[in-house]
Student: 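Okay, handing you the structure first.
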Amino acid sequence: MQWQTILLQQHKGVGLITLNRPHALNALNNQLIIEINQALDLLEKDPTIGCMVLTGSEKAFAAGADIKEMLDLSFPQIYLDDFFSLADRIAQRRKPLIAAVSGYALGGGCELALMCDFIYCADNAKFGLPEVSLGVLPGIGGTQRLTLAIGKAKAMEMCLTARQMDAQEAEQTGLVVRVFPAEQLLAQTLQAAEKIAEKSLTAVMMIKESINRAFEVSLAEGLRFERRIFHSVFADADQKEGMRAFVDKRPAQFTSAKGHHHET
Ligand code: CAA
């Protein structure tokens with residue numbers, strides 16, 4: 001695969017996608033969104049991959065959707081093409097996806113990080129939804145996912161004033177899980193991803209699916225969903241292996257996903 005806007009690496013069960021448009025601070029143009037999805041497609045189909053990581057450069061995770069590409073688009077063009085709908089596919093992934101954010105995560109860049117399952121960031125990270133300054137509004141889920149992540153008042157203030165949040169505040173508000181010195185961010189993120197990749201892929205994917213349910217359905221329905229897939233995990237060999245390994249006092253070897261072949 002010849003990538004123009006990303007780099008893709010795989011190591012120890014982890015797929016690492018690095019945004020690679022340095023001249024535009026990784027602004028999300030159409031090609032970049034297409035390539036992120038192509039890379040995620042490959043990683044999701046690969047039974048040896050248990051976790052995926054999305055990162056940028058030290059200066060910018062991504063400085064937003066590509067303003068130069070959007071400037072002259074007409075309403076019929078963006079409406080008929082359902083502009084940004086391709087980006088939604090990034091949030092619909094079933095394997096875990098971690099964002100490692102260094103530098104700017106603004107506009108679409110912040111929204112891209114919010115589409116990931118959780119965010120680790122560097123101490124130089126800056127988060128913001130500055131679309132209001134461009135005469136528009138966030139269009140890749142920012143008004144929804146930022147509000148769910150940090151609450152109404154803070155999301156409202158950030159989206160209305162275009163203020164940027166630093167790493168410390170991002171950690172305090174729960175937008176990010178942890179802050180690392182910039183030079184440690186990627187290694188720490190890959191370490192967490194490798195830990196996830198060692199687990200049962202079935203269990204990991206069920207956990208992701210079940211947590212995401214909490215945002216969509218009532219508590220009663222969410223609990224019912226969790227209980228039913230909890231029951232179903234007893235049909236998976238990894239449940240026997242995980243519990244047997246505990247009883248035998250040895251590390252578990254999860255393999256049920258390894259022999260799985262995709263049809264597509
Ligand atoms: N789109 C297109 N190009 C961008 C870009 C973007 N979002 N952000 C930066 N670039 C380009 C710059 O135009 C510049 O290119 P040239 O060298 O050809 O002039 C290059 O990247 C470097 O940027 P700067 O010279 O501006 O770098 P800086 O260090 O002075 O400033 C910055 C960094 C504060 C992040 C500044 O680049 C900036 O404000 N960027 C735009 C941030 C923004 O408004 N993002 C929201 C976009 S709209 C959106 O995302 C809609 C949505 O909801 C999806």
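Residues take their numbers from the sequence shown, with the count starting at 1. Every value quoted in this text rests on a predicted model; they were computed, and no experiment measured them. Indexing begins at 1, ligand by ligand and atom by atom, following the structure's order.
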Student: Test of understanding: with salt bridge (charged side-chain N to carboxylate O under 4.0 Å, His left out), list the residues that count as partners of E183, not counting sequence neighbours.
Tutor: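 For E183 there are no salt bridge (charged side-chain N to carboxylate O under 4.0 Å, His left out) partners, ignoring immediate neighbours.
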
Student: Hey, what else clusters with L223 if you join Ile, Leu, Val, Met, Phe, Trp, Tyr whenever side-chain heavy atoms sit under 4.5 Å?
Tutor: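 The other cluster members (ILVMFWY side chains, heavy atoms under 4.5 Å, direct or chained) are L219.
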
Student: Looking at D41 and R93, does any basic side-chain N land under 4.0 Å from a carboxylate oxygen?
Tutor: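 Judged by the 4.0 Å cut-off on N to carboxylate O distance, D41 and R93 do form a salt bridge.
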
Student: Could you list all the ring pair (Phe, Tyr, Trp, His ring centres under 6.0 Å) pairs where at least one residue sits in residues 4-56, not counting sequence neighbours?
Tutor: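 Residue pairs with at least one partner in residues 4-56: there are none.
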
Student: Parallel, tilted or perpendicular, judged at 30° and 60°: which one describes the rings of Y79 and F75?
Tutor: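 Y79 and F75: parallel rings.
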
Student: Non-hydrogen atoms closer than 4.0 Å to ligand 1: which protein residues do they belong to? List them by chain and number, please.
Tutor: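 These residues qualify: H23, A24, L25, A27, K59, A63, G64, A65, D66, I67, K68, M70, F84, Y104, L106, G107, G108, E111, P130, E131, L134, L137, P138, G139, I140.
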
Student: Would you say the ring centroid of F61 lies under 6.0 angstrom from that of Y104?
Tutor: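 Ring centroids of F61 and Y104 are no less than 6.0 Å from each other.
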
